[in-house]
*Asks:* 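Sharing a structure below in structure tokens format, with a few things to ask.
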Amino acid sequence: MKLTFSIRGVGALLVAAALLFAPLILAEQNYLLRVLITGITYAIAVYGLNIILGFTGQLSLAHGGFFGIGVYTMGLLTTDYDWSFWSALLAAIVLTTVVGFLAGLLALRTREAYFAIFTMALGLIIYMVISRWEDVTHAYSGVLGVKLPEDIGPLDFSEPATYYYLLLVFLAAAAYVTYTLRVSNVGRRLLAIRTSEDLASSIGINVGLNKQLAFTASAGFAGLGGALFASAEGFIGPNSSSIDLTFELLMFLLVGGVATVMGPIVGTLLVLMLFEAFQDFQAYRFILLGPVIIALVIYAPQGLIGRLNQLTFYWKRRRAAAQKTAVGAPEQNSPADPHNEKTEVR
Amino acid sequence: MTLFVQQFFNGLSLGGVYCLAAIGLTLVFGVLRIPNLAHGALYMVGAYLTYFFLTSAGVPYILAIALAALVLAGIGIGMERVVFHPLRNAPHTHHMIAAAGAMFFLHSLVQAIWGADFRRMESPITGRVEILGTQVSWQRVTIVVTAVVVLIALTWFIKKTVHGQSIEAVEQDRVGASLVGINPNRVSMLTFALAAALVAVAAGLVAPINLLYPTMGDVIMVKVFAIIILGGLGSIPGAIVGGFTLGLAEVMATTYVSAVAGEVIAFVVLILVLAIRPTGLLTKAVQR
């Protein structure tokens, strides 16, 4: 156990170190740093999606919309209403959380396919409000000049590297929340709900309450990601709330690995780098990526990090079995049960 | 009054299109228990194929729609084999994600072939006819008549032929159907072919009225989901009633309230139905 923990720990440390030193390595390449900055804001939203889809097993297609609410709260408050970055950030988080809570009250009455359809409609309604309510949102013309964070002491956030480190703090917080959730009782309850709602409620788990909490928190993360995205880009437009964005977030999560701690960040950055590699045919990238999504859910639904975790799990088990035979104890014949592996702590 | 009659016909023609699009989705849900998120993309491909056969290949309009439906049936079968069949035992979220992948693939493919620009398809059916004192375009009459003919043919197919009845049998009980010698795989393929062909007919009929663009299927897909949820997932009569109801409601709301009201009414219906009766209004007893 200790050993596998350290393998995972080393992996997480490697990712963290890469992220920490990225601005130093990319010192000359501001463009790539910008891509990383955008990627981190997306990744924070993907952590939100991970809570409701990864842990709780509910496919929410409203997250592009929640992201958009975050984007527009930040964008409109800091320009038209001249709020400061920090108060607008707080407002964005509070607003998306409240909207998520209210939407959850209705949406979570439905299950499975109905939930996905309901949330998809919800996402589209948010998109339509944003793209049609011209008096407030400026619709397709968008808004320029979204504020960057105000200076704190010597920290000047108009410097991309400094802003990058600020985002890294938020990202670390999102990953940490995911990690604590993963090992806490709340996380176990959510995983039980994912496995079977009926079974979960039969062992005394309040399914409705836990799903409501997960959905609300996950909307809040999406809003936080959106607010940071608006500030990083400096410009807001309706595309940042579209249904396409929902599916992109979904793909990031899927590539990285659902219900994992490092999956969202690794998946997001990996896919964004792929996007950059295919930049010349930006519009046609889904000719390749569409089949990739399909192949992923068919052949590797656990995603990259999920797959790595699975491999360390197998390795650990084989090692334990080898030790047992070495000692002379009868080898335990443990059949590979995919359901057990699913709930194994990753 | 003239305005009302005219709008009534507009609503009927829109409803006919919605019906054709919705029945495919509800059939697929009935047989495979999955909401096919790529249905809107199939609709879009159907519209572009009709456009291609009509303008580039120079085939007559109705034949162009039929050819598009035929090609779409092939695409539908391919989609069932490649995307949904391998996932038949996977959790329900996987299907939807894979379907979204297929949707993006089709968007990009169409954009690569025909470009992202809006395209207009000139209707080969011109002229107007006077019905109840108002002018109704032949195009709309064609839509209503074709929709009704196709609906009748479909009902006959499902109720009276062996293949159609096997679809119903699998809908009712997949295991039971295979016990009496029905091959559920073949039924799945047949259902997908039928659904794709129907949505291609819908798209081909409405293409001359609307503009063509790669994401044209997205909004109509949510509307079609609203329809089948209103009618109960898996229910064909529900899809027909829901389709005409929504078509009429949308046109009337646009005429008498505002354009935005017409646009959002489908979503309001969807939210209300799911909030009040999450399983749909006309749901069959065997739902889960």
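Every chain is numbered from 1, with letters handed out A, B, ... down the list of sequences.
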*Asks:* So, for B:Phe105 and A:Pro291, which heavy atoms are closest and what is the spacing to 0.1 Å?
*Replies:* CD1-CD, 3.7 Å
*Asks:* First locate atom CD1 of A:Ile298, then atom CZ of B:Phe84, and finally report the distance between them rounded to the nearest 0.5 Å.
*Replies:* 9.5 Å
*Asks:* Quick one: closest heavy-atom pair of A:Met120 and B:Val222, and the distance?
*Replies:* CE-CG2, 4.0 Å
*Asks:* Is it the case that atom CZ in B:Arg120 sees more than 12 heavy atoms from other parts of the structure closer than 6.0 Å?
*Replies:* no
*Asks:* Under the side chain to side chain contact (heavy atoms under 4.5 Å, CB included) rule, what do A:Ile117 and B:Ile229 come out as? Steps first, then yes or no, please.
*Replies:* CA-CA 9 Å; A:Ile117 297 169; B:Ile229 281 178; 3.6 Å; yes
*Asks:* When only pairs under 4.5 Å are counted, which of A:Leu61, A:Ile243, A:Leu59 shares the most heavy-atom pairs with chain B?
*Replies:* A:Leu59
*Asks:* Side chain, backbone, both or neither: which part of A:Leu105 has a heavy atom under 4.5 Å from chain B?
*Replies:* neither
*Asks:* Counting only non-hydrogen atoms closer than 4.5 Å, does B:Ala102 touch chain A with its backbone (N, CA, C, O), its side chain (CB onward), both, or neither?
*Replies:* both
*Asks:* With the side chain counted from C-beta on, respond yes when A:Met251 and B:Phe104 share a heavy-atom pair under 4.5 Å apart, and no when they do not.
*Replies:* no
*Asks:* So, applying side chain to side chain contact (heavy atoms under 4.5 Å, CB included) with A:Ile294, which one of B:Leu87, B:Val83, B:Ile97 is it?
*Replies:* B:Val83
*Asks:* Given the options B:Ala226, B:Gly101, B:Pro86, which has more heavy-atom pairs under 4.5 Å with chain A than any of the others?
*Replies:* B:Gly101
*Asks:* Quick check for you: to the nearest 0.5 Å, what is the distance between A:Asp244 atom CG and B:His107 atom NE2?
*Replies:* 7.0 Å
*Asks:* Could you tell me which portion of B:Leu37 (side chain, backbone, both or neither) has an atom closer than 4.5 angstrom to a non-hydrogen atom of chain A?
*Replies:* side chain
